[in-house]
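Structure first, then comments.
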Amino acid sequence: MREAQRHLAQWGLAPVAALMAQEASDKLGVPVTIDVMRPLQAFDAGGRARAMAQIVEAMAMAKEAGVDLDKAAQIVNFAPEGGTM
């Protein structure tokens, strides 16, 4: 169900919302944005929390094993080159 809602919002509602925002911006003379994706994030709160717990656990295990966390984060695009975790 969550994927169906996300697809509807991304492929059906977002383009219409962008057109509406552009029209409102033109008529009101100020930038207007209509975000149809952010409300869907509430459905993902549990999934994001579980993912973060897994990341923290994996980082702890990697650190314990002597893995360079900055290099590992860089490899998976979690940190910019030369950046630190």
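We use all heavy atoms of the structure for the numbers below, so side chains are in, but hydrogens, waters and symmetry mates are not. In this text the structure is predicted, and so the values were computed from the model without any measurement.
- Under the 4.5 angstrom side-chain criterion for Ile, Leu, Val, Met, Phe, Trp and Tyr, Val67 has no cluster partners at all.
- Applying the side chain to side chain contact (heavy atoms under 4.5 Å, CB included) criterion to Ala18, with sequence neighbours excluded, gives no partner residue.
- With sequence neighbours excluded, the residues satisfying salt bridge (Lys or Arg N to Asp or Glu O under 4.0 Å) with Asp35 are Arg38.
- Closest non-hydrogen pair, Met59 versus Leu69, comes out as O-CD2, 3.7 Å.
- For residues 11-26, the salt bridge (Lys or Arg N to Asp or Glu O under 4.0 Å) pairs, not counting sequence neighbours, are Glu23-Lys27.
- Residues satisfying the side chain to side chain contact (heavy atoms under 4.5 Å, CB included) criterion with Leu19, sequence neighbours excluded, are absent altogether.
- Every side chain to side chain contact (heavy atoms under 4.5 Å, CB included) that Ala24 has, sequence neighbours left out, goes to Leu28, Val32.
- Here the CD-CD distance, from Gln10 to Gln5, works out to 13.5 Å after rounding to the nearest 0.5 Å.
- The shortest non-hydrogen separation linking Ala21 to Thr33 is CB-CA, 4.2 Å.
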